[in-house]
Every structure is written in structure tokens, then in C-alpha cells.
Amino acid sequence: GYVELAYSVQNGLNYAKLKNRAGKFVAPTLASTTAAAAGAVKAMQKDVRVSIVNAPGEEAYPIAGFTYLMVYTNQSGEKGKALVEFLRWGINDGQKYAAPLLYAPLPEEVVKINEATIKTIKIK
């Protein structure tokens, strides 16, 4: 079976190094998950809905994944403004909370792509 890295670490579960696309055996770590995310930047420039399973990169962990939010592009009033502020906070200042919670921080290039996506949200 498969569980997320945070669950594995918090519960002292064993994990395996896996052979990635570059032929390297990589352990599941925050850095190897961030490396997998960085490997998706080129594809994300066309569409943010990408898989980072078996992402390119020598340090990329091969079975990493993004967590997505589905958000309407048309938002209204104060709730819409608060949502946009929260999303911006999450991909910027909120990143400092990722590693202590055993979640991989986003690479800067992914943050920039997400910022551009957030800018498409319209508040009425």
C-alpha cells in the first residue's frame, strides 16, 4: 500500500527508495517531493492539472503528487476576496508551515504559475 510521507514519518513506518525516471534510487523526502514538483514546471505552463508521478529530475521521488483545489473563477464579495487572499497566503507566506508539517514546499517556479492562476479569479 501507499501512504503519504507525513503519515509514514509520524508513525515510524518503513519506506523504500524507488527508482525514478533518471534511473536513480530516491528516498521519499520533502526535498525529493519538491524536486518532483519542479520537474512538472514545463508541463504546468500549459495546464496546471499535471501529474508529478515519475517526474523528470535526478532527485525526483517517482510517486509524489500535488494536492489541488477546485475554485470557481467567478467569486463574489467579501468571501471571494477572502478566498483569493487565503490562496495567495498559502502559496507564499504559508509555505513556511509546509516542512514542519511534513509537506514539501512548492518550488518557486510552481508558486509563480499558481500566482498567475489565482489572478484569473474574478471578484464580483
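Partners of Gln75 according to the side chain to side chain contact (heavy atoms under 4.5 Å, CB included) rule, which considers only residues two or more places apart in sequence or in another chain, are Val71, Tyr72, Leu83, Ile121, Ile123. For Val48, the side chain to side chain contact (heavy atoms under 4.5 Å, CB included) partners at least two apart in sequence or on another chain are Met44, Ile113, Thr117. Residues satisfying the side chain to side chain donor-acceptor pair (under 3.5 Å) test with Asp47, not counting sequence neighbours, are Arg49.
Within the structure, salt bridge (Lys or Arg N to Asp or Glu O under 4.0 Å) contacts touching residues 26-40 (residues at least two apart or in different chains) do not occur. Within the structure, the side chain to side chain donor-acceptor pair (under 3.5 Å) test picks out the following pairs touching residues 13-37 (sequence neighbours left out): Thr29-Ser32. A salt bridge (Lys or Arg N to Asp or Glu O under 4.0 Å) check over residues 28-41, counting only residues at least two apart or in different chains, returns nothing. Sorted by first then second residue, the side chain to side chain donor-acceptor pair (under 3.5 Å) pairs that include residues 86-106, not counting sequence neighbours, are Glu4-Tyr103, Asn92-Glu115. Residue pairs that meet the salt bridge (Lys or Arg N to Asp or Glu O under 4.0 Å) test with at least one member in residues 62-77, sequence neighbours left out, do not exist here. Within the structure, no pair that satisfies the side chain to side chain donor-acceptor pair (under 3.5 Å) test touches residues 55-71, not counting sequence neighbours.
Going from atom CD1 of Ile91 over to atom CZ of Phe86 covers 11.0 Å, rounded to the nearest 0.5 Å.
Neither Val26 nor Phe66 shares a network with the other; the hydrophobic side chains, linked directly or stepwise wherever heavy atoms of I, L, V, M, F, W or Y lie under 4.5 Å apart, form separate groups for each.
Summarising the geometry of Ala38 relative to Pro107, their closest heavy-atom pair is N-CG, 3.6 Å, with the distance given to 0.1 Å. Between Ser51 and Val53, the shortest heavy-atom distance links the atoms OG-N, 3.1 Å. Here the shortest heavy-atom pairing between Ala36 and Ala55 reads O-CB, 3.4 Å. Nearest heavy-atom pair across Ala22 and Gly57 is CB-O, 4.1 Å.
Counting only heavy atoms from C-beta outward, the side chains of Val110 and Val41 approach each other to under 4.5 Å. The shortest distance between side-chain heavy atoms of Leu18 and Phe25 does not fall below 4.5 Å.
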(request) Take Lys81 and Val84 through the side-chain contact (heavy atoms from CB on, under 4.5 Å) test and state the conclusion after the steps. (result) CA-CA 5 Å; Lys81 287 179 189 176; Val84 168; 5.9 Å; no
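Taking Ile, Leu, Val, Met, Phe, Trp and Tyr as members and joining any whose side-chain heavy atoms lie under 4.5 Å apart, directly or through other members, the hydrophobic cluster of Leu30 also contains Leu5, Val9, Leu102.
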